Amino acid sequence: MAFVSTMPTKDRVVSFVWQHVLLLFSLYLMTLGVVLCIKSDLGSSVISSLPLSLSLAGADGMVPALSVGGYTIVMNFVLVFLQILILRRRFEPVQLFQLAIGFIFGWLIDINMFMTSSLVCDSISMCALTQFAGCTIMAIGIAFEVKCGSVTMPGEGLPVAISRLTGRQFPQVKIYVDTTLVVLALISSFIFFGRWQWNIIGPGTLFAMIYVGMVVKFVSPKIGWFDRLLSYRPGFRRYIFGLARFIYRNH
C-alpha cells in the first residue's frame, strides 16, 4: 500500500479501476459457482442457503417476493450493519464499500440465474457434476477475489469484526458464522415449508463447506500470473486516457 500511495494521482485512479475490473470478474465467477450449486438441487452453498430459502418462500407468497440475488443483497446489507454494531467507533468508513460489493454480488447471482435458466439437472450424475463444477468455479473465483486485495465481502467482514472484538482466530469465527447461516436456512425451511428442504440444505452444502476451502488453498499458490495481471496497466492506461482525450477534443 505504501507503494501505491507514492504513485501519481492518475496512476492511482487507473490502478483502482483495473483492480476492481478484475474484482468484478472474480465476483462473476463466484456467483456463477453459487448458481450452479443452486441448480444442482443437492444443496446450495452456505452464502446462498438463507436467501434461497427466503426466495422460495417469497414465490409462495409467505414473504416479500424477491429473487435469490435480491435476498442476497438484503442479507449482505444486514451483515454490514452487524459489523457496525459490533465494532462501533472501530468500524472503518472504507468498509462501507462492502455495501457496493454486496449489491453487485447479488445482482450477478440474478444474472447468472437467468443465463443458466435452461440448465436442468434431471439425473443424479448431472446433479453431482453440476454441484462439483459450481464448487470448483466458486473456489477459483474466491482465490481471485482474495488476490484483488479490495474490501472484503460482507460474509467475511462479519467474522473479521467478531474476531477483532473477541480475539478469536478468524477461521474459527468463520466456521461459527457459516454454521449459523446454515442453521437459519434450515429453520426457515421448517417454518415456511414444514420440512427439511434438501435442495436448500443438502449433501451439496456439506460438500461445498469442505471442498471449496480445499480448492482455494490449492489454487491460490498457483495463480501468480493473476498477480502479474493485477499489476500490469501500461496498455490499459494509454487506452483509457487516449479515449478520454479524444472525447474531450471532440466535445
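Keep in mind the model is a prediction, meaning the values are calculated, not measured.
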Output yes when a side-chain donor or acceptor of [X] lies under 3.5 Å from a complementary backbone atom of [Y], and no otherwise.
| X | Y | result |
| --- | --- | --- |
| S55 | P51 | no |
| R168 | T166 | no |
| S220 | K217 | no |
| W196 | I201 | yes |

When you group the ILVMFWY residues by side-chain heavy-atom contacts below 4.5 Å and let the links chain together, are [Y] and [X] in the same group?
| X | Y | value |
| --- | --- | --- |
| L206 | L50 | no |
| L181 | I187 | yes |
| I175 | I47 | no |
| M214 | V216 | no |
| F192 | F190 | yes |

Tell me if the [atom1] atom of [X] is crowded by more than 12 foreign heavy atoms within 6.0 Å.
| X | atom1 | result |
| --- | --- | --- |
| F218 | CZ | no |
| F170 | CZ | yes |
| M62 | CE | yes |

Spacing of [atom1] belonging to [X] relative to [atom2] belonging to [Y], to within rounding of 0.5 Å:
| X | Y | atom1 | atom2 | value |
| --- | --- | --- | --- | --- |
| T72 | F103 | OG1 | CZ | 12.0 Å |
| F105 | M153 | CZ | CE | 4.5 Å |
| C121 | M126 | SG | CE | 5.0 Å |
| L52 | S67 | CG | OG | 11.0 Å |
| L32 | C37 | CG | SG | 9.5 Å |
| I191 | L186 | CD1 | CG | 10.0 Å |

- Query: Cut-off 3.5 Å, side chains only: do Q169 and Q172 have a donor facing an acceptor?
  - Reply: no
- Item | Side-chain donor-acceptor contact under 3.5 Å, T130 with S40 | no
Validation row: [X], [Y] side chains within 4.5 angstrom (heavy atoms):
| X | Y | answer |
| --- | --- | --- |
| L42 | F207 | no |
| V34 | S44 | no |
| I86 | L158 | yes |
| N76 | L79 | yes |
| L85 | F81 | yes |
| W107 | T31 | no |

- Task: Would you name the heavy atoms of I200 and A185 that are closest together and state the gap between them?
- Result: CG2-CB, 4.4 Å
- Please collect all salt bridge (charged side-chain N to carboxylate O under 4.0 Å, His left out) contacts where either partner lies in residues 81-103, sequence neighbours excluded, each pair once. none
- Message: I need the single residue from T152, V160, V80, L87 that forms a side chain to side chain contact (heavy atoms under 4.5 Å, CB included) with Q95. Which is it?
- Response: T152
- Given the rule in the side chain to side chain contact (heavy atoms under 4.5 Å, CB included) test, do Y28 and N112 qualify, once you have shown the distances and angles that lead to the verdict? CA-CA 8 Å; Y28 178 81; N112 278 309; 3.1 Å; yes
Please report, to 0.1 Å, the donor-acceptor pairs under 3.5 Å made by any side chain of residues 133-146, with sequence neighbours excluded.
from : atom 1 : to   : atom 2 : distance (Å)
T136 : OG1    : F132 : O      : 2.8
T136 : OG1    : Y211 : OH     : 2.9

- With sequence neighbours excluded, what pairs up with D110 under the salt bridge (charged side-chain N to carboxylate O under 4.0 Å, His left out) test? none
- Task: Give the intermediate values and the outcome of side chain to side chain contact (heavy atoms under 4.5 Å, CB included) for residues Q131 and K39.
- Result: CA-CA 8 Å; Q131 179 75 31; K39 290 285 185 176; over 6 Å; no
